[in-house]
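This one's a predicted model, so the numbers in the text were calculated from it and none came from an experiment. Every chain is numbered from 1, with letters handed out A, B, ... down the list of sequences.
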Number of protein chains: 2
Amino acid sequence: MKNTIKIERARHNLTQANLAEKIGVSRQSINAIEKGKFIPSTVLALKLAKLFNASVETLFLLEDDD
Amino acid sequence: MKNTIKIERARHNLTQANLAEKIGVSRQSINAIEKGKFIPSTVLALKLAKLFNASVETLFLLEDDD
DNA sequence: TTAAAAAGTAAAGTTTATTTTACATTTTGG
DNA sequence: CCAAAATGTAAAATAAACTTTACTTTTTAA
């Protein structure tokens, strides 16, 4: 599973810390998700998509091994 | 968080058991998700959306308390 | 109406997401 | 260049997702 959070974050001029704050998770969670260390819950994915005016499908991409 | 899995499952004529099999989780997981007992991971949400030709956003609806 | 299938539920266990704290490295702006 | 901000990382703890087993209740079809 890939995601484009880092890119969207750049487009929206947000740091990991302020994205985390807006979404209501810790900064380390954002970092870990960006780095592919774990996959967020659907609630988090929906919140991120909403914030970025994107779909969950464009933000998170299924891969063969998922 | 609400979801419309039960409805989509009906539209696609699938039992909890065969949906579970197609998605690769246990039947109890499908049941628990339908009953709102827990919120699936983003991978699961994407797989369900794909199977149902729906978007994650239409399948899973954020609520105020999320 | 009855047997079979499907759905609901529950407890115990495993795995994975997420937090907290804390520190190291990298990037950025003055 | 230098300080501050941002990012990376890691360990320990907690919460939540998910599995397995097993049993009960409800629905469906013959």
Side-chain angles (χ1 to χ4, degrees):
Chain A
M1 170 106 157
K2 275 186 185 173
N3 72 72
T4 58
I5 293 170
K6 189 173 181 175
I7 295 162
E8 289 302 319
R9 195 164 57 72
R11 293 179 50 186
H12 290 256
N13 253 326
L14 296 171
T15 67
Q16 291 181 347
N18 46 48
L19 174 55
E21 193 184 8
K22 276 177 186 288
I23 297 295
V25 294
S26 70
R27 180 181 69 81
Q28 282 77 354
S29 287
I30 297 294
N31 187 277
I33 292 164
E34 283 190 6
K35 304 294 278 184
K37 291 194 185 159
F38 61 72
I39 291 159
S41 73
T42 297
V43 170
L44 227 169
L46 284 168
K47 285 184 181 177
L48 287 166
K50 187 176 182 182
L51 184 69
F52 290 145
N53 290 316
S55 65
V56 173
E57 280 82 355
T58 60
L59 216 50
F60 294 92
L61 301 162
L62 277 179
E63 289 177 303
D64 299 335
D65 56 313
D66 287 324
Chain B
M1 171 109 154
K2 275 188 185 172
N3 71 72
T4 58
I5 293 171
K6 190 173 182 176
I7 295 163
E8 288 302 318
R9 194 165 57 73
R11 294 179 49 183
H12 290 256
N13 251 326
L14 296 171
T15 66
Q16 290 181 346
N18 47 46
L19 175 55
E21 192 183 9
K22 276 178 187 286
I23 297 297
V25 294
S26 69
R27 178 181 70 81
Q28 282 75 355
S29 287
I30 297 295
N31 187 276
I33 292 164
E34 283 189 6
K35 303 294 278 184
K37 290 194 185 159
F38 61 72
I39 292 159
S41 73
T42 297
V43 169
L44 227 169
L46 284 168
K47 285 184 180 177
L48 288 165
K50 188 177 183 182
L51 184 69
F52 291 144
N53 290 316
S55 65
V56 173
E57 281 82 355
T58 59
L59 216 49
F60 295 92
L61 301 162
L62 278 179
E63 288 176 302
D64 299 335
D65 55 313
D66 287 325

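Residue A:L44 contributes atom CG, which lies 9 Å from atom C1' of C:dT18 at whole-angstrom precision. Across the protein-nucleic acid pair, A:I39 atom CD1 and C:dT15 atom P stand 16 Å apart, rounded to whole Å. Protein atom CD1 of A:I30 is 15 Å distant from nucleotide atom P of D:dA6, rounded to whole Å. Atoms CE (A:M1) and P (C:dT16) sit 15 Å apart, rounded to a whole Å. Between B:D66 atom CG and C:dT18 atom P there is a gap of 13 Å when expressed in whole angstrom units. Remark: C1' of C:dA24 and CZ of A:R27 are 12 Å apart, rounded to the nearest angstrom. One atom, CZ of A:F38, and another, C1' of D:dC18, lie 17 Å apart when rounded to the nearest Å. In this structure, B:N31 places its CG atom 15 Å from C1' of C:dA11, rounding to the nearest Å.
Considering only side-chain N and O atoms, B:Q16 lies under 4.0 angstrom from the phosphate OP1 or OP2 of C:dG8. The shortest distance between the side-chain N/O atoms of A:K37 and the OP1/OP2 oxygens of C:dA17 is not below 4.0 Å. Phosphate proximity of D:dT7 to A:R9: present, with a side-chain N or O under 4.0 Å from OP1 or OP2. A sub-4.0 Å separation between OP1 or OP2 of C:dT18 and a side-chain N or O of A:S41 is present.
With hydrogens and angles ignored, no donor-acceptor pair closer than 3.5 Å exists between the side chain of A:Q28 and the base of D:dT7.
Mapping B:K35 and B:N18 onto DNA chain C by nearest heavy atom places B:N18 at the nucleotide closer to the 5' end.
Atoms CD1 and CG, from B:I5 and B:L48 in turn, are 5.0 Å apart once rounded to the nearest 0.5 Å. Here the OG1-CD distance, from B:T58 to B:E8, works out to 7.0 Å after rounding to the nearest 0.5 Å.
Across A:N18 and A:T15, no two heavy atoms sit closer than the pair OD1-N, 2.7 Å.
Checked by atom type and distance alone, the side chain of B:D66 pairs as donor or acceptor with a backbone atom of B:M1 at under 3.5 Å.
The listed nucleotides are D:dA10, D:dC18, C:dT19; the one nearest the side chain of A:S29 is C:dT19.
The number of heavy-atom neighbours closer than 6.0 Å to NZ of A:K47, taken from other residues, nucleotides and ligands shown, is above 12.
The residue B:S26 sits close to a base: some heavy atom pair falls under 4.0 Å.
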